[in-house]
Amino acid sequence: MAFVVPKENYSGKVLEVEIGTGPKAVKIGGENTLPYLAFEGQVPNKTVVAYEIQDVPPEDWPSTVQSAYKDVSADPVKWALYCQNELGAQMIALRLIGTHPDRQDRSPEEAAKTVVAVLAAIDVPLIILGSNHAEKDAQVLKAACDATAGKNCLVGKAQEANYKTIVASAMAAGHKIIAMSDLDVNLSKQLNILITQMGFDKGKIVTDPMSSALGYGIEYTYSVMERIRQAALLQNDPTMSPPLVNDIGMYVWKVKETIAPESDLPEWGGLEERAIGWETTTAMGLLMAGSNLLIMRHPKAIATVRKMVDELV
Amino acid sequence: MAISGVEIFKHLPKTNCKKCGHPTCLAFAMKLAAQQASLDACPDASEDAKAFLGAASEPPIRRITIGAGDKALKVGEETVLSRHEKKFVNPCGFALVVNDTDSAIEAKAKSVADSEIERVGQKLRVELVAVKDASGDALTFSGAVGKVVAAAPNVGVVLMSANVEALKGALAQLSGKKPLIYAADAGNWEQMVELAKGAGASLVVKADGLEALSDLVEKVVASGFKDLMLDPSPKSPKDMVEQYTQIRRAALKKSYKPFGFPIFSVAVDADPLVEQARASVCIAKYASVVVMSDASKWKTLALMALRQNLYTDPQVPMQVKANLYKIGDANENSPLMITTNFSLTYFIVLGEVENSKVPAWILVMDSEGLSVLTAWAAGKFTAAKIAQYIDESGIKDKVASKELIIPGYVAVLSGSLEEKLPGWKITVGPREANGLPAFLKNKVS
Ligand code: B12
Ligand code: SF4
């Protein structure tokens with residue numbers, strides 16, 4: 001018996017999406033194989049990692065990750081520049097968490113000002129994220145889009161409850177959008193269909209399957225992603241073909257494993273390494289399930305994941 | 001295993017004697033192919049027929065056992081490429097590699113023996129110690145193995161050496177313990193097979209790339225030895241993903257026999273975080289044994305969690321029994337909390353209640369294994385259902401206080417619960433379970 005490499009025949013392809021303008025614009029997606037199987041197809045773009053920053057100081061971030069930005073995080077522009085210039089960020093993801101009604105309840109106008117200031121300072125592409133409050137996000141992201149037209153940003157998250165306003169604003173501004181649904185293949189497909197029915201180009205959508213942290217439901221995200229990828233590539237379903245984003249920082253940096261001191265749980269080992277490793281391992285798991293874009297927090301976790309991404313192609 | 005009735009028929013006696021209860025040998029063969037009959041029913045079946053059907057009914061990926069007793073590691077027997085198709089069967093094992101020259105070898109072996117932790121009701125651990133022949137000296141190697149066996153008698157052992165003398169000395173100390181030998185290559189495989197056979201050990205077959213590996217495995221199998229694992233010697237994570245995928249695919253989709261064995265993977269890297277990241281790739285991409293050079297608790301905790309998560313049943317969430325659980329020395333005046341029967345939810349809440357040292361009751365309601373918010377969104381954790389459960393559970397006889405603490409995330413339920421449970425006080429607890437210790441201490445003080 002001679003060994004013959006068992007190759008899969010893929011009829012579909014992940015859509016390629018470009019974000020940003022100028023020499024540092026990035027492309028994600030575009031592969032026509034399951035994750036990182038270049039022996040049977042093309043993987044033109046590596047997974048990109050964006051650094052998450054916020055419009056307000058990250059007081060709710062656990063100390064391990066808060067301390068990594070302690071000198072810059074009071075000012076989103078400084079914070080963004082630090083990530084870009086000192087840490088070599090490929091992309092910045094600005095989360096407008098201060099707009100959440102339970103937080104500072106900042107106005108859409110204030111939020112838009114922050115976005116414009118950050119965008120003016122950096123030359124890497126920008127992801128603009130709301131606070132995950134469906135109604136407020138619609139207003140905030142609209143204001144942000146209106147103020148940033150032509151900059152080819154990635155804006156999100158558009159969800160079933162608020163996609164109409166966000167999609168319309170993004171379309172007017174020429175932006176790309178993140179479409180997020182609740183961990184369900186069919187809901188994800190349905191949202192993509194609703195969005196394209198508004199006349200939005202499917203090649204400008206990035207799918208957020210909804211992430212979950214290692215140990216707290218990651219297997220659900222993992223399998224939903226694998227199923228979306230297989231639908232796109234093996235069944236050539238164009239409504240499942242956008243690239244995948246995983247916004248993991250907010251899930252990882254709230255679980256006990258990234259917070260509890262070693263003195264409370266000696267059997268879990270040192271907190272700092274444990275917390276960074278938790279974010280790294282979460283990202284690696286989802287990378288294997290097909291992530292094209294990761295939004296992460298800790299510089300060491302990001303550096304490790306980027307090294308792995310380089311070694312996967 | 002798809003094998004046609006006609007194929008099977010060729011191996012039957014073709015006498016149509018009907019002793020099997022079927023009118024003809026061919027009819028019987030069809031039943032066998034459909035796995036609706038067993039060859040035992042034909043008294044005249046030849047040894048050849050038995051061997052043929054035996055091979056055909058073997059699992060596509062052979063099971064390998066490393067170590068003995070209740071801590072033995074069992075790997076292989078996988079049936080799918082994606083976990084959503086069907087549950088992954090046997091979680092991969094973790095091996096800590098130690099050099100035979102390492103003066104800390106006993107302490108390291110002991111750390112593996114003591115690595116067990118509990119997570120979501122399951123006991124998880126690092127299963128194996130891999131002793132590496134760094135000295136090139138047979139006595140040093142077998143001495144090191146002796147130390148490992150003494151320090152960690154119940155831990156499975158991997159012997160990493162190409163030196164026949166060294167292995168002989170080591171194997172002599174491992175009789176009955178089913179060690180794994182790493183590795184047979186094109187140059188030494190005959191000797192290695194002989195050693196493994198003689199010692200009841202399994203053997204990793206190692207070659208450079210899949211073609212060479214396939215050739216070598218065929219030789220080894222032809223020599224009559226099949227307790228094998230595979231190492232195609234990946235040079236990078238890219239190789240790992242590609243080669244391991246091809247092996248798994250060949251075994252499952254093409255019934256390619258030379259690759260019908262579990263994968264042995266070396267994830268070692270000098271940077272512990274990179275090693276953790278590499279090991280994550282191995283866990284997701286089909287490795288059955290993952291070798292690491294460092295098994296710090298912070299690191300293995302995450303890897304054990306990833307392994308546990310990816311090997312859970314995708315159809316059935318892990319659940320605990322719906323019941324009233326008494327935590328600590330709870331009495332009729334102790335606080336009463338309600339939650340759902342998703343294992344993850346229950347064990348997180350349990351951990352925090354235990355943390356608080358406050359004796360308490362946890363009432364676990366059947367939500368078909370859904371978390372609090374998911375169950376609420378799915379209509380399985382509603383005021384009406386909770387009220388009904390409280391009525392039926394008999395809890396009223398055990399708890400005098402008539403105060404029910406509900407998860408903060410379902411605070412919206414409190415009004416309707418008070419309506420449906422007359423005489424009860426509904427208290428909204430913290431949203432995250434890690435707020436419970438402060439909450440409970442405050443409550444009883
Ligand atoms: C994994 C997941 C699923 C899995 C199911 C997992 C499971 N076994 O439950 C699947 C994919 C099946 C699923 C399905 C759905 N899901 Co879902 N899912 C999640 C996800 C990602 C994680 C849930 C989880 O495992 N949490 C971990 C456990 C431990 O959390 P927990 O049980 O709440 O416990 C915590 C606290 O509540 C507290 N706690 C628990 N008990 C107690 C008790 C007391 C007394 C106290 C004080 C505290 C306390 O402690 C725990 C830790 O802090 C969440 C989003 C997220 N990241 O949180 C959405 C989420 C829960 N799902 C949601 C929804 C809407 C659904 C669906 C209805 C949607 C759909 N796709 O059809 C379905 C419904 C299920 C059905 N019809 O079968 C929503 C709920 C929104 C809402 N507020 O109503 C969420 C929040 C997502 C979102 N939109 O943001 N989901
Ligand atoms: S018992 Fe065996 S030989 Fe007889 S009919 Fe059945 S299969 Fe044929």
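Lettering follows sequence order; numbering is per chain, from 1. This is a predicted model, so every value here is computed, not measured.
With a 4.5 angstrom heavy-atom cutoff, A:Ala283 does not touch chain B via any of its atoms. Interface remark: B:Asn355 contributes side-chain atoms only to the contact with chain A (heavy atom separation under 4.5 Å). At a 4.5 Å heavy-atom cutoff, the contact between B:Arg278 and chain A is made by backbone and side-chain atoms alike. Of the atoms belonging to A:Glu272, not a single heavy atom falls under 4.5 Å from chain B. For B:Phe342, the part sitting under 4.5 Å from any heavy atom of chain A is the side chain, from C-beta outward, and nothing else. Looking at B:Ser82, the atoms closer than 4.5 Å to chain A (heavy atoms on both sides) sit in the backbone and in the side chain alike. Only the side chain of B:Phe259 has a heavy atom closer than 4.5 Å to any heavy atom of chain A. Proximity to chain A is limited to the side chain of B:Lys254, based on heavy atoms less than 4.5 angstrom apart. In this structure, chain A has no heavy atom under 4.5 Å from any part of B:Lys299. The contact between B:Leu301 and chain A is made by backbone and side chain atoms together, counting heavy-atom distances below 4.5 Å. With a 4.5 Å cut-off on non-hydrogen atoms, A:Glu8 touches chain B through its backbone and its side chain both. For a residue to count as touching a neighbouring chain, one of its non-hydrogen atoms must lie under 4.5 Å from one of that chain's; by this rule B:Leu273 touches chain A with backbone and side chain alike. For B:Ile348, the part lying near chain A is the side chain, with the backbone staying farther off; criterion is any non-hydrogen pair under 4.5 Å. The part of B:Glu432 that comes within reach of chain A is its side chain, from C-beta onward, which places non-hydrogen atoms under 4.5 angstrom from that chain.
Heavy-atom contacts from other residues, nucleotides or ligands closer than 6.0 Å to NZ of B:Lys110 number 12 or fewer. For B:Lys235, the NZ atom counts as densely surrounded, since its 6.0 Å shell holds more than 12 non-hydrogen atoms of other residues, nucleotides or ligands. In the displayed structure, B:Glu211 atom CD is contacted under 6.0 Å by at most 12 heavy atoms of other residues, nucleotides or ligands. For A:Glu267, the CD atom is densely surrounded, since the number of other residues' heavy atoms within 6.0 Å is greater than 12. More than 12 heavy-atom neighbours from other residues, nucleotides or ligands sit within 6.0 angstrom of CH2 on B:Trp298.
In plain terms, the two heavy atoms of B:Ala302 and A:Gly277 that are nearest each other are CB-O, 4.4 Å. Nearest heavy atoms, A:Tyr220 versus B:Pro317: OH-CB, 3.8 Å. Between A:Thr281 and B:Ser280 the shortest heavy-atom distance is CG2-OG, 3.5 Å. A:Tyr216 approaches B:Asn309 most closely through the heavy-atom pair N-OD1, 4.5 Å. Here the closest non-hydrogen pair linking A:Pro6 and B:Ala250 is CG-N, 3.9 Å.
Proximity to chain B among residues 239-258 of chain A is limited to A:Lys254, A:Lys256, A:Glu257, judged by heavy-atom separations below 4.5 angstrom.
The candidate from B:Leu213, B:Leu310, B:Asn434 with the greatest count of non-hydrogen atom pairs under 4.5 Å with chain A is B:Leu310. Of the residues considered (B:Val120, B:Ile117, B:Val281), B:Val281 shows the highest number of contacts with chain A, using heavy-atom pairs under 4.5 Å. Heavy-atom pairs under 4.5 Å with chain B peak, among A:Met284, A:Glu273, A:Met308, at A:Glu273. In terms of heavy-atom pairs under 4.5 angstrom with chain B, the leader among A:Ala38, A:Gly285, A:Gly270, A:Ala303 is A:Ala38.
Here the rule is side-chain hydrogen bond (donor to acceptor under 3.5 Å, both in side chains) with A:Ser223, and of B:Glu85, B:His84, B:Arg83 only B:Arg83 fits it.
Here the side chains of B:Lys238 and A:Val313 are not in contact, with every heavy-atom distance at 4.5 Å or above.
Here the straight-line distance linking atom OG1 of A:Thr304 with atom CG of B:Asp271 works out to 6.0 Å at 0.5 Å rounding. Atom-to-atom distance recorded for B:Lys285:NZ and A:Leu37:CG is 6.5 Å, nearest 0.5 angstrom. Between atom CD of residue B:Gln243 and atom CZ of residue A:Phe39 there is a gap of 10.0 Å, rounded to the nearest 0.5 Å. The line from OG of B:Ser236 to CD of A:Glu311 is 7.0 Å long, rounded to the nearest 0.5 Å. Rounded to the nearest 0.5 Å, atoms CZ (A:Arg274) and NZ (B:Lys297) are 11.0 Å apart. Put simply, OH on B:Tyr286 and CE on A:Met288 are 10.5 Å apart, with the number rounded to the nearest 0.5 Å.
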Checklist entry - Between B:Val241 and A:Leu312, does a side chain to side chain contact (heavy atoms under 4.5 Å, CB included) hold up when you go through it step by step? => result CA-CA 8 Å; B:Val241 172; A:Leu312 276 163; 3.7 Å; yes
Checklist entry - Between A:Phe3 and B:Gln246, does a side chain to side chain contact (heavy atoms under 4.5 Å, CB included) hold up when you go through it step by step? => result CA-CA 10 Å; A:Phe3 175 66; B:Gln246 289 176 27; 4.1 Å; yes
